[in-house]
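All remarks here apply to the structure that follows.
Just so you know, ligand 1 is whichever comes first in the structure, and atom 1 is the first atom listed for that ligand.
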Amino acid sequence: MALSEKLLDMFNQQIKHEYDSRNVYFGMESYLREQNWDGFANFFHIQAEEEMAHCRFFMEYIAFVGHKWEMRELKAQTNEYESVLDVFKKGLEHEKFITACIKDLYDQAVLDKDYHAQKFLSWYIEEQAEEEDNFTTWVAKLERAQTGPGLTLLDGEAGARMFNPPANPPVKPL
Ligand code: OFO
């Protein structure tokens with residue numbers, strides 16, 4: 001069940017990407033808090049928490065199949081945005097990048113005939129479909145609302161988001 005050298009390297013790189021994602025979303029939260037959009041800020045706070053869980057599952061999988069994980073250098077992240085809509089659009093772009101990374105991991109697991117890793121990664125394929133759908137919906141709603149009362153209503157909706165740990169995580173917690 002050990003990972004191939006190449007796939008182990010890619011899994012470690014994905015730990016970094018998921019950790020970077022967390023920091024991307026903390027940067028967005030920071031911008032929104034400063035703008036007094038507390039509901040949208042809550043949305044990104046929860047998003048950042050979820051990224052930590054995504055990162056952790058990769059660590060746990062690597063340990064489960066008998067390797068050590070690595071902590072690689074993280075990217076500095078911005079807290080400069082133009083508007084709430086700009087934040088969500090950049091969030092969507094970021095999730096598309098992560099989806100592409102997960103697909104590359106899956107392709108490598110197929111090449112390696114690593115069926116166990118494929119099963120693990122299929123959880124992320126589903127998760128990325130949800131992430132992209134969620135951000136796409138928010139961008140559409142925000143484009144409709146533009147500014148004013150509509151945006152304030154959406155701030156309230158985003159403020160109601162709560163952290164729900166995944167019901168069926170792809171690995172048993174360590
Ligand atoms: Fe980990 O899914 Fe978002 O980035």
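The distance criterion of under 3.5 Å between nitrogen or oxygen atoms is met by Glu95 with respect to ligand 1.
Between Phe11 and Val65 the shortest side-chain heavy-atom distance does not fall below 4.5 Å.
Using the six-membered ring where Trp is involved, His116 and Phe64 have ring planes that are tilted, between 30° and 60° apart.
Between Arg33 and Glu29, at least one side-chain N (NZ, or NE/NH1/NH2) sits under 4.0 Å from a carboxylate O, which counts as a salt bridge. Salt-bridge check for Lys89 with Glu143: passed, with a basic side-chain N closer than 4.0 Å to an acidic carboxylate O.
Proximity to Ser21 (heavy-atom distance under 4.0 Å) selects the following atoms of ligand 1: 4 (O). If you number the atoms of ligand 1 from 1 as listed, the ones under 4.0 Å from a heavy atom of His54 come out as 1 (Fe), 2 (O).
By the criterion of a heavy-atom distance under 4.0 Å, neither the backbone nor the side chain of Glu50 is placed next to ligand 1. Residue Glu127 does not touch ligand 1, judged by heavy-atom distances below 4.0 Å. With a 4.0 Å cut-off on non-hydrogen atoms, His17 does not touch ligand 1 at all.
Here the N, O or S atom of Glu131 that is nearest to atom 3 (Fe) of ligand 1 is OE2.
In terms of heavy-atom proximity, His17 sits nearest to Ile98 at CB-CD1, 4.0 Å.
In the displayed structure, Gln146 atom CD is contacted under 6.0 Å by more than 12 heavy atoms of other residues, nucleotides or ligands.
Checking Cys55 against atom 1 (Fe) of ligand 1, every N/O/S atom stays at or beyond the 2.8 Å cut-off. Among the atoms of Glu18, an N, O or S atom is found under 2.8 Å from atom 1 (Fe) of ligand 1. Counting backbone and side-chain atoms alike, Glu51 contributes an N/O/S atom closer than 2.8 Å to atom 3 (Fe) of ligand 1.
Residues Trp123 and Phe57 bring their aromatic ring centres within 6.0 Å.
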